[in-house]
2 protein chains.
Amino acid sequence: MPAKRPPVPLSRERIIEAALHIADSQGLRRLTMRRLGDALQVEAMAIYHHLPRGKDALMDALAEHVTAVHAEPADSWQESARAWCRASRAALREHPGVLALALTKPPKGRAAIALMEQTEQLSDAGLPDPAQAVRALRAYVFGSVAVEVQRSGWADSPADGAEPWRPPSAGGGSAAADADFEHGLDALLAGLNPRRTEAER
Amino acid sequence: MPAKRPPVPLSRERIIEAALHIADSQGLRRLTMRRLGDALQVEAMAIYHHLPRGKDALMDALAEHVTAVHAEPADSWQESARAWCRASRAALREHPGVLALALTKPPKGRAAIALMEQTEQLSDAGLPDPAQAVRALRAYVFGSVAVEVQRSGWADSPADGAEPWRPPSAGGGSAAADADFEHGLDALLAGLNPRRTEAER
DNA sequence: ACCTGAACACCGTTCAAGT
DNA sequence: ACCTGAACACCGTTCAAGT
């Protein structure tokens, strides 16, 4: 019987991946340094070598991971905004276990950079207050995902599956939620428009 | 020297009040059964007599407390909706320490009842899909409070004051946030309107 | 009925030590 | 450089016991 040497060395990425899996399948309160070590086939203390600030650093990294979305600028600012709103929603929905962190922790690192890029895209398109527009769009994504995940009852039974998460498919399920999201997004984008009609007459 | 007998007996209300104070001033992660006991001048184990399911029950109670807002029905459904949106926002802003719970935990008890009341108010006003309207309004409140609290950097320094919380008053502070909120709320309410103009012609 | 004390299993983090 | 083992202070929760 061959002696087991850790096949793949520990890394920040592998730690975050494993942490997301635990949080999504068992809930944030069960995400523990020791359990995380077990999942990675390593003593919990080894994690500190890759995340020096310990659990706080882990929480920050999780929030950043699920919140730092990048989307290529499109033809119109509306399409650009639509793209990263959809991407943000998808990322948040995929990881309900860290949603509380994502909605609550101020953006840092790559998340903060992504925010700046988005603001710049809207600024280049000539929007009068691009920062405010980005805030409004972020608020929309945050709010709709929060309500959707709340409604799914995820927080009540976070121990069912190992997969990312599947909204209750029958009756008021994912398709209706998607339609609601797109509909509200359209309305918001229309509201953000520097009302061309008014200026033209 | 008179012997100190606990002056006021422990109660569910006093426990929740103290817990909110700790969460808002020090952060949710520092809200501990033992610390809570200290704040209440009692051994931690005494709390279990009033909250049998322990810390889980406490978390539920906190989410419910900050999320169960009641507002009297007004003349129009718009004014009713405006009233409880404002009340919800105020309650959430007052307690940033439990915002993560409020946005994440499915509504129970008085919170669920408040939701039903709101749906009924919109239903009585003849809105085609009152449940969806309530969801949209809730999402709006959740999202705007989330970005506002995030922006305030509260999660980065939850140890500064004992008072509920004061948004950074200078430069993009509370007044601008209020105006943004009202403006967006107007737009949303307009969008929810069963477009009278279209039906009339 | 309401609270305490001791106990148990578990947690985050440190530090010296191993390789 | 990367990981382990032992240790420390702290945590949630139980249970029998006190009043």
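Numbered from 1 within each chain, the chains take letters A, B, ... in sequence-line order. Here the structure is a predicted model, which is why all the values come from computation and not from measurement.
- Shown here is Asp56(A), whose CG atom has more than 12 heavy atoms of other residues, nucleotides or ligands within 6.0 Å.
- Atom CD of Glu17(A) sits in a sparse spot, with 12 or fewer heavy atoms from other residues, nucleotides or ligands closer than 6.0 Å.
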| note | Per-residue pairing states of DNA chain D in dot-bracket (Watson-Crick or G-U under 3.5 Å; . unpaired, | other strand) read ||.|||||...|||||.||

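- More than 12 heavy atoms of other residues, nucleotides or ligands shown are found within 6.0 angstrom of CD on Glu182(A).
- With rounding to whole Å, Glu43(B) atom CD is found 15 Å from dC15(D) atom C1'.
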| request: Check the pair Arg138(B), Gln118(B) against side chain to side chain donor-acceptor pair (under 3.5 Å), reporting the backbone distance first and the verdict last. | output: CA-CA 11 Å; Arg138(B) 259 161 64 81; Gln118(B) 293 164 5; over 6 Å; no

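- Looking only at side-chain heavy atoms (C-beta outward), Asp24(A) and Pro96(A) come within less than 4.5 Å of each other.
- Following rounding to the nearest Å, His49(A) (NE2) and dT19(C) (P) show an atom-to-atom distance of 17 Å.
- Sorted by first then second residue, the ring pair (Phe, Tyr, Trp, His ring centres under 6.0 Å) pairs that include residues 106-130 of chain B, not counting sequence neighbours, number zero.
- In this structure, Asp124(B) and Gln121(B) have side chains that are not in contact, with every pair of non-hydrogen atoms separated by 4.5 Å or more.
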| note | Heavy-atom contacts, protein to nucleotides 6-14 of chain C, under 4.0 Å, summarised as B (base), S (sugar-phosphate only) or - (none) per nt, yield BB---BBBB

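- In this structure the side chain of Asp60(A) reaches within 4.5 angstrom of the side chain of Arg53(A), judged on heavy atoms.
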